[in-house]
Each structure stands twice: as structure tokens, then as C-alpha cells.
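See below for the structure under consideration.
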Amino acid sequence: MNLKSKVKNSLKWTFVDQILSQVIFLVFSIFLARILTPSIFGIVSMVTIFSNFAALFIDLGFSAALIQKKEITDAHYSSVFWLNVGIGFLMYLIFYVCAPLISLFYNQPELTLLIRVICLSFIVSSFASVQANILIKEMHFKKKVIINWIAMLIGYALAFIMAYQGYGVWSLVMMTLLTVILNSILYWFVSKWVPLFIFEWKKVKELSHYGLNFLGEASVNYWSRNFDNFIIAKVLGSTDLGIYTRAYSLMLLPLRNVSTIITKVMFPAFSKKQDDIQVLKKYYLSIIQHIALITFPLMIGLSIVSREFVLLFFGSQWSAMIPVLSILSGLGAIQSIVSLNGLIYNSLGKVNIAFKVSILTNIVLVIAFVIGVNYGLIGVAYSYLIASALLLIPMYQIAIKQINTSLLEVFKTIKGILLASLLMALFLLIISNYSDFSILNGLIVKVIIGASVYFLSLFFFEKELLFNLIKKLKFNT
């Protein structure tokens with residue numbers, strides 16, 4: 001199978017995976033949110049703020065380096081594998097010892113045991129990190145998808161049963177741990193690769209420049225995305241954190257469903273074509289156009305129907321999430337495009353530039369969150385939106401410059417979709433201000449009218465794009 005066929009097949013399977021995974025996530029999140037309180041979600045988020053950051057250090061960025069590097073031997077894979085295992089045990093030991101300090105910091109005594117249990121995932125995942133990345137490098141996304149489905153469904157099923165039986169926060173902790181265990185077991189079962197009992201420091205050093213820069217960029221980027229959770233947890237408490245993280249998870253849906261699909265599949269594909277900038281530019285512009293086609297109307301629409309959506313699906317106990325979701329959803333539309341910056345840097349091996357950009361971004365976001373938290377959850381959400389708007393043009397321009405693309409070219413590519421989305425938003429705002437529907441009827445009417453206005457406007461502004469999509473769908477069927 002040639003690269004183009006592999007990309008198409010990988011995109012298909014990754015798209016199905018993301019759609020089904022997020023449908024499962026949304027359904028179970030709604031059910032769990034009706035059983036568990038915002039405070040319980042907040043307590044788990046306090047743990048994962050630190051544990052997810054520590055997980056970045058399991059392989060020091062070498063897994064990404066294995067994908068990006070063209071020529072890889074068994075010695076590279078095995079050396080990284082044993083390095084991962086060693087770091088996994090080390091990170092667990094650090095968190096086991098530091099758990100009481102984290103609990104004291106948050107003034108939440110129950111966190112000590114929760115941290116020591118959930119961080120067992122460091123050890124488990126370290127044994128399967130290389131196997132997972134080999135599947136990505138070889139573009140065997142079908143196998144990865146099936147593994148993900150099995151682990152996720154069983155994990156969520158356990159969470160739902162435990163939550164229904166009154167286990168509270170432990171239902172979420174055990175779901176996380178079981179999902180990691182199942183993923184790791186299945187990666188070993190499916191992968192044909194088995195580590196050799198060798199460790200060559202020379203092979204590790206070959207990957208270190210890319211890997212450590214990747215780790216640096218990922219670490220800084222992680223805190224730019226999670227410092228809001230950190231400061232909310234410290235200043236506002238677990239209940240507000242639970243509300244914010246639920247809203248943030250919904251905002252991330254288009255990134256997970258669309259942008260992440262593209263990044264996962266196109267990273268190995270772009271890496272193989274890293275010497276042909278013109279080809280990368282052509283595909284990049286096509287990619288952002290198709291992403292915007294889905295994410296712009298979805299997130300702008302969610303911003304306007306946030307009241308109906310939250311009250312209908314999550315219930316009145318989550319009503320404080322309404323304004324936060326409305327603000328963050330608008331941000332989600334922008335991030336669905338900007339999140340591809342990493343694809344450009346990583347596939348071209350320019351993670352050193354990404355690292356420097358992330359440092360500046362992180363400084364601005366941290367300052368914004370420190371100011372915003374003084375005005376509660378809505379203040380944090382607005383500070384995120386304003387800071388992101390200020391950073392958008394300079395940070396985005398640096399990224400697209402690497403593939404000889406300009407902001408004008410990007411705007412021309414997505415302007416029709418942007419105009420159609422804004423027209424849709426205008427109609428929805430008029431309906432919101434001059435109608436008095438019930439919650440259910442209001443959501444149904446807005447979705448129908450919003451979708452109708454968007455597709456009619458799209459037909460006017462982007463007729464050729466729509467016809468090409470219809471042709472592709474007919475051809476594939």
C-alpha cells in the first residue's frame with residue numbers, strides 16, 4: 001500500500017475512532033454528571049493536573065522522535081523501551097512520596113491515596129509506549145482504533161457501575177487506571193514487536209535533540225493549557241474546577257474529533273514528505289479548510305445554544321457551566337486551526353522553534369489566568385479568550401511561515417466558511433433575543449435553523465468546495 005492509500009485508510013479509521021470515542025465520552029459524561037457532583041470531577045482533575053504532566057516525561061519525547069526519524073533500527077526501539085520503563089518506575093516513586101505534599105497544597109487529605117493509585121498508570125503505560133508509536137509510524141491505525149474502543153468501553157462501563165453504586169470519586173479513578181491497563185495489554189497482544197534485552201546510549205543520543213526539544217515544547221504547552229485548572233483548583237476550589245473542566249472538555253470536542261485526527265495521521269505522513277515544502281503547503285491549506293468546515297459552525301453554534309445544551313443534558317446542578325461553555329466554545333473554533341501548528345513544527349523537525357514559541361505563549365497565558373481568577377470562573381474564561389486572541393496572529397504566522405504560507409493565503413482559504421458561520425450566528429442570536437421557547441424546543445429550533453442558514457450560506461460562498469465534497473462521498477460509496 002502506497003503512502004497516499006495509507007493516509008486515506010488511516011484518516012478513515014482515525015475519523016471513525018474519534019467520532020465514536022467522543023460520542024461515548026459525551027454520553028457517559030452526561031450520565032456520570034447526573035450521578036456525580038461537580039466537586040467529584042474537580043477532585044479528580046486536581047490529581048490529573050499533575051499526573052498528566054508527569055506522563056509527558058515517561059519517554060522524554062523519544063516516542064515522537066521514533067516516528068519522525070526516517071531510519072530506525074531495533075536498537076533504537078529497544079533502548080527507548082527500557083528507558084521508558086525506568087522513567088515510569090521513577091515517576092511513580094516521586095509521586096508516591098510527594099502525594100501528601102500535593103494533598104496539603106490543595107488542602108484535600110483524600111488526594112494522597114487517590115494520587116498513589118492513579119499514578120500506577122505511569123508504570124503500566126511505560127511498558128507499551130513504544131508498541132503504540134510503532135503502530136502510528138507504520139500507520140496501522142485500524143489496530144490502534146480497535147484497541148482504543150475496547151479499553152474505553154470497558155473503562156466507562158466500570159465507571160458507570162461504580163458511580164451508580166455510590167463509589168463517588170473512585171469510579172473515575174478506577175476507570176482511568178483500568179483503561180490504561182487494557183490499552184497496554186492490547187498493544188502488546190497486537191504488536192509484532194518485542195523489545196530486545198539491549199540498551200545503547202548512542203541510539204538514545206541520536207534521538208535526544210528532537211526528543212528533548214519535543215518534550216520541552218510539550219511541557220510548556222501543557223502548562224499553558226492547564227495552568228487555568230491549577231489556579232482554579234487552588235483559588236476557587238474543587239466544585240468550580242469540576243464545572244470548568246466539564247466546559248473545557250466540551251470545548252475540546254472539535255479538536256479531538258477533527259484536528260487530532262488530522263495530526264495523528266498526517267504527522268507520520270508529513271514527516272515522510274518533510275523535504276517537499278510545496279506539497280506540505282498544499283495539503284495544509286486543504287486540511288485547515290476541511291477542519292474549519294466542521295469546527296467553525298459547531299463551536300460557534302454551541303456557544304449560542306450553551307444554555308439549552310447544559311440544562312437539557314447535564315441538569316440544573318451544572319447551570320454555572322453555561323457562561324463558561326459559551327465563552328470557551330468560541331475559543332474552540334480558533335484552536336481547531338491553531339492546534340495544527342505542532343504538526344508543522346514536529347514533522348519538519350523544528351521543535352526548537354515550537355519550544356521558544358510555547359515559552360512566550362505560556363508566559364502570556366499565565367499572566368492572563370492570574371488576573372482572570374480574581375473575577376471567578378467567568379474571569380478565567382474571558383482571560384483565556386482575550387490572551388488567545390492577542391497571541392493568535394504572531395504565533396500562527398511563525399508556524400505557517402515554516403511552510404511558506406501567509407496569513408492572507410489562510411484567510412482566503414477559509415473566508416467563505418467563516419462568513420457562513422457568522423451569518424448562522426447572527427440568525428441564532430436574533431432567535432435567542434426575540435423568542436421564548438422551552439429548553440427542548442429552543443434547542444431543536446436553533447439547531448435546525450442554524451444548520452439551514454449555514455449550509456445555504458456555504459452554498460453561496462463555497463459552492464465549489466461543497467460540490468467537490470459531494471463527488472468524493474459519491475466516489476467512496
Side-chain angles (χ1 to χ4, degrees), residues 22 25-26 29-30 33 38 41-42 45 48-49 52 221-233 235-236 239-260 291-292 294-314 318-340 361-362 364-392 395-396 418 421-422 424-425 428-429 432 443 446 450:
Q22 294 312 308
F25 163 78
L26 189 59
S29 290
I30 290 170
F41 284 94
S45 295
T48 56
I49 288 170
N52 288 345
N221 189 51
Y222 177 86
W223 281 111
S224 72
R225 288 182 175 274
N226 288 276
F227 187 78
D228 48 353
N229 293 336
F230 173 78
I231 199 167
I232 289 170
V235 177
L236 303 179
T239 298
D240 280 356
L241 179 60
I243 289 168
Y244 184 84
T245 53
R246 287 297 90 191
Y248 193 86
S249 295
L250 291 170
M251 182 270 278
L252 285 179
L253 282 176
L255 272 72
R256 289 172 175 162
N257 284 334
V258 183
S259 301
T260 303
I291 288 177
I294 300 170
T295 60
F296 280 19
L298 188 66
M299 297 315 295
I300 292 172
L302 180 59
S303 177
I304 297 172
V305 302
S306 59
R307 176 181 172 273
E308 292 87 349
F309 182 85
V310 171
L311 293 178
L312 183 63
F313 292 107
F314 288 84
W318 291 87
S319 59
M321 186 170 74
I322 295 171
V324 180
L325 178 60
S326 182
I327 297 166
L328 292 182
S329 295
L331 179 61
I334 298 171
Q335 288 201 350
S336 65
I337 299 295
V338 177
S339 63
L340 291 182
T361 301
N362 197 37
V364 174
L365 287 173
V366 166
I367 293 172
F369 291 141
V370 169
I371 296 172
V373 77
N374 293 290
Y375 302 93
L377 281 182
I378 296 177
V380 174
Y382 270 122
S383 67
Y384 199 171
L385 180 63
I386 293 169
S388 297
L390 292 174
L391 290 166
L392 174 62
M395 297 300 100
Y396 191 54
L418 180 60
S421 300
L422 292 176
M424 176 200 73
L428 291 179
L429 288 172
S432 297
L443 184 62
K446 287 179 181 180

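The model shown is predicted, which means the values in this text are computed figures rather than measured ones.
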* Structure fact -> To the nearest 0.5 Å, atom OG1 of T245 lies from atom CD1 of I232 at 8.5 Å
* Asked: Among side-chain atoms of D228 and Y384, is any donor-acceptor pair under 3.5 angstrom?
  -> no
* Under the 3.5 angstrom rule, does the side chain of S326 hit a backbone N or O of P323 as a donor-acceptor pair? -> no
* Asked: Any idea which heavy atoms bring S388 and Q335 closest together, and the distance?
  -> OG-NE2, 4.5 Å
* Would V364 and L390 satisfy side chain to side chain contact (heavy atoms under 4.5 Å, CB included), going step by step from the backbone distance to the final call? -> CA-CA 9 Å; V364 174; L390 292 174; 5.6 Å; no
* Heavy-atom side-chain contact between I334 and L392 under 4.5 Å -> yes
* Less than 4.5 Å apart, any side-chain heavy atom of S45 and any of L241? -> yes
* Considering non-hydrogen atoms only, spot the tightest contact between S421 and I300 and give its length. => CB-CD1, 3.8 Å
* Structure fact -> Here the pair of heavy atoms bringing P297 nearest to A292 is CD-O, 3.5 Å
* Nearest atoms (heavy-atom pairs only) where F369 meets I231 -> O-CD1, 4.1 Å
* Min side-chain heavy-atom separation L250-F314 under 4.5 Å -> yes
* Structure fact -> Interatomic distance, CE@M299 vs CD1@I294, rounded to 0.5 Å, equals 13.0 Å
* **Least distance between heavy atoms, A381 atom then V324 atom** => CB-CG1, 4.3 Å
* **Taking every non-hydrogen atom, the tightest pair across Y244 and L328** => CE1-CD1, 4.2 Å
* **Atom pair CG/CG of L302 and L325 - distance to nearest 0.5 Å** => 4.5 Å
* For residues L311 and I322, determine if any side-chain heavy atom of one lies less than 4.5 Å from a side-chain heavy atom of the other. => yes
* Asked: Taking the side chain as C-beta and beyond, is there a heavy-atom pair between F313 and L443 under 4.5 Å?
  -> yes
* Would you call F227 and L365 a side-chain contact if the rule is heavy atoms closer than 4.5 Å? -> no
* **Heavy-atom side-chain contact between I291 and S336 under 4.5 Å** => yes
* Nearest 0.5 Å, what's the CG-CG distance between N229 and D240? -> 12.0 Å
* Asked: Does S432 reach the side chain of I304, with side-chain heavy atoms less than 4.5 Å apart?
  -> yes
* Asked: Take atom OH in Y382; do more than 12 heavy atoms of anything else shown fall under 6.0 Å from it?
  -> no
* Structure fact -> Taken to the nearest 0.5 Å, the spacing of K446 NZ from L428 CG works out to 7.5 Å
* Nearest 0.5 Å, what's the CZ-CE distance between F309 and M321? -> 7.0 Å
